[in-house]
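One structure is given here, and the rest of the page talks about it.
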Amino acid sequence: MPELPEAETIVRGLRRSVVGRRIRRVEVMHPDVLRAPLRAFARAARSRTVEDVGRRGKNVLLFLSEDGVLAVNLGMTGRLLPFTGVPRGNERPTHPVVRFLFDDGGMLVFEDQRRFGTVEVLDTAGWAARDARMGPEPLGPAFTADVLARALGGSRSPVRSWLLDQRRIAGIGNIYAVEALHRAGIHPLRRSRELDAGEARRLHGAIRSVLRAAIRHGGTTIRDYRNVDGGEGEYRSLLRVYGREGEPCPRCGTPVARAVLSNRSAYFCPACQPAPERI
DNA sequence: AGTGTATCCTGCAGGC
DNA sequence: TGCCTGCAGGATACAC
């Protein structure tokens, strides 16, 4: 679920609410989301203070005192919900997975219905190694049209698959890959290296503008995504093709089509995004 | 190198 | 009402 704009929205919310709070105790309801043994995880998180909150790709990062990085990948249905006290009634998370209890009596709850998410604590060096395996931040200064064009040039894979590969570019998931390709007028099945310079430039611009617009609207809620206040993202109504098979393309009116690629739906306009010669 | 497939897990919508 | 299938915003391992 959450892609870069949703993770960014969560990060901005957490920055207001958890910085400066100290973790007193960690409770793990479902150890399967951990990438380390339970005891090691609890030891690494306990008695540390949240000093800052950041994001890398789709990962939410809590920088902890004493050289710790708490990295949360939200998977499909993960949420991070901060509370000033003990949650009651209908504010109580329905699928709590990990609870971080703070000194002040409040807590941060990671809940995740499907438990595809992961939670781990690394040291700075461990995080740096992970970071190095990820592609550039699409909204960062290093991600230029030339950088994108060159990176695409080496790959034979369909451009939609390329965009989902976090080692190539960090933070893009199926919704925004599909939306960016529509804005750029590029068919999802086009081979990456066959895009010309103009197409790469359009794709670069489309990626940045769609991600920025989604952040401005607090991300996209299809079903499960919630921000730190439990609220929904408002970008869904602005999606042009994602989840809109059969509806008219907002640019030309042609019915939106759907193709399955690597077992995942790719939506596109057959008129605005011409199919490659050979599929 | 890249792709299809399966896997982790839960819940919902739709067809019958 | 129940049962079945397919589908879902992610990531990874495997065989080919």
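Chain naming here is simple, since letters A, B, ... match the order of the sequence lines and numbering starts at 1 in each. Just so you know, these numbers come straight off a predicted model, no measurement behind them.
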Figure out the [atom1]/[atom2] separation between [X] and [N], and round it to whole Å.
| X | N | atom1 | atom2 | answer |
| --- | --- | --- | --- | --- |
| A/Glu3 | C/dA8 | CD | C1' | 12 Å |
| A/Gln166 | C/dT12 | CD | C1' | 12 Å |
| A/Leu34 | C/dA11 | CG | P | 18 Å |
| A/Arg244 | C/dA8 | CZ | C1' | 17 Å |
| A/Arg35 | C/dT12 | CZ | P | 6 Å |
| A/Ile172 | C/dG9 | CD1 | C1' | 14 Å |
| A/Ile222 | C/dG10 | CD1 | C1' | 15 Å |
| A/Ile10 | C/dG10 | CD1 | P | 13 Å |

Does the pair [X]/[Y] count as a salt bridge with the N-to-O cut at 4.0 Å?
| X | Y | value |
| --- | --- | --- |
| A/Arg55 | A/Glu6 | no |
| A/Arg240 | A/Glu179 | no |
| A/Glu3 | A/Lys58 | no |
| A/Glu199 | A/Arg201 | no |

Looking at [X], I'd like to know if its [atom1] atom is crowded, meaning that more than 12 non-hydrogen atoms belonging to other residues, nucleotides or ligands lie closer than 6.0 Å.
| X | atom1 | value |
| --- | --- | --- |
| A/Asp196 | CG | yes |
| A/Arg15 | CZ | yes |
| A/Arg130 | CZ | yes |

*Remember a base hit wins even if backbone is also touched, and classify A/Tyr242 as base, sugar-phosphate or nothing at under 4.0 Å, heavy atoms.*
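Since only primed, P, OP1 and OP2 atoms lie under 4.0 Å of A/Tyr242, the category is sugar-phosphate.
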With heavy-atom distances below 4.5 Å as the criterion, would you say the side chains of [X] and [Y] are in contact?
| X | Y | answer |
| --- | --- | --- |
| A/Gln113 | A/Glu111 | no |
| A/Phe83 | A/Val109 | yes |
| A/Tyr235 | A/Val210 | yes |

*A/Asp103 and salt bridge (charged side-chain N to carboxylate O under 4.0 Å, His left out): which partner among A/Arg22, A/Arg48, A/Arg46?*
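One option only clears the test, and that one is A/Arg22.
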Hey, does the side chain of [X] come within less than 4.0 Å of [N]'s phosphate (OP1/OP2), counting only N and O?
| X | N | answer |
| --- | --- | --- |
| A/Arg264 | C/dC7 | no |
| A/Lys58 | C/dG10 | yes |
| A/Ser265 | C/dA8 | yes |

_Whether the side chain of A/Glu120 engages the backbone of A/Thr118 through a donor-acceptor N/O pair (distance < 3.5 Å, no angle test) should be reported._
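No, because the side chain of A/Glu120 does not come within donor-acceptor range (under 3.5 Å) of the backbone of A/Thr118.
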*Verify, without hydrogens or angle tests, whether A/Ser192 (side chain) and A/Ser157 (backbone) share a donor-acceptor contact under 3.5 angstrom.*
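The answer is yes, because a donor-acceptor pair under 3.5 Å joins these two groups.
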*asked:* Once ring-ring contact (aromatic ring centres under 6.0 Å, His included) is applied, do any residues pair with A/Phe268, and if so which ones, sequence neighbours excluded?
replied: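 Testing A/Phe268 for ring-ring contact (aromatic ring centres under 6.0 Å, His included), a comparison that skips the adjacent residues, returns A/His187.
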Anything under 3.5 Å between a protein N or O and an N or O of nucleotides 7-10 of chain B, put it in a table, one pair a line.
from, atom 1, to, atom 2, distance (Å)
B/dC9, O4', A/Arg114, O, 3.4
B/dC9, O3', A/Arg115, NH2, 3.3
B/dC9, O2, A/Arg114, NE, 3.0

*Which atoms form the tightest heavy-atom contact between A/Val11 and A/Gly54, and what is the distance?*
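Smallest interatomic distance, heavy atoms only, reads CG2-O, 3.3 Å.
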*State the dot-bracket string of DNA chain B. Criteria: Watson-Crick or G-U wobble, both atom distances under 3.5 angstrom; notation: ( ) intrastrand, [ ] crossing earlier pairs, | interstrand, . unpaired.*
.|||||||.|||||||
*Looking at A/Arg191, A/Arg193, A/Glu194, A/Arg168, which one forms a side-chain contact (heavy atoms from CB on, under 4.5 Å) with A/Ser155?*
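When side-chain contact (heavy atoms from CB on, under 4.5 Å) is applied between A/Ser155 and each of A/Arg191, A/Arg193, A/Glu194, A/Arg168, only A/Arg168 qualifies.
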*Could you point out which residue of A/Leu80, A/Asp224, A/Asn59 forms a side-chain contact (heavy atoms from CB on, under 4.5 Å) with A/Leu74?*
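Answer after filtering A/Leu80, A/Asp224, A/Asn59: A/Leu80.
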Would you tabulate the nitrogen or oxygen pairs shorter than 3.5 Å linking the protein to nucleotides 13-16 of chain C?
none

*asked:* Work out how far the P atom of C/dT5 is from that of B/dA6, and round it to whole angstrom.
replied: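 Rounded to whole Å, the distance is 15 Å.
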*Say you pick atom P in C/dC7 and the same atom in B/dG4; how far apart are they, in whole Å?*
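It comes out at 15 Å once rounded to the nearest Å.
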*asked:* With the threshold set at under 4.0 Å for non-hydrogen atoms, list the residues of residues 126-137 of chain A touching DNA chain C in residue-number order.
replied: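 Hits under 4.0 Å, by residue number: none.
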Restricting to nitrogen or oxygen on both sides, can you table the protein-nucleotides 1-5 of chain B pairs closer than 3.5 Å?
from, atom 1, to, atom 2, distance (Å)
B/dG2, OP1, A/Ser155, OG, 3.1
B/dG2, OP1, A/Arg156, N, 2.9
B/dG2, OP2, A/Arg168, NH2, 2.9
B/dT3, OP1, A/Pro158, N, 3.3

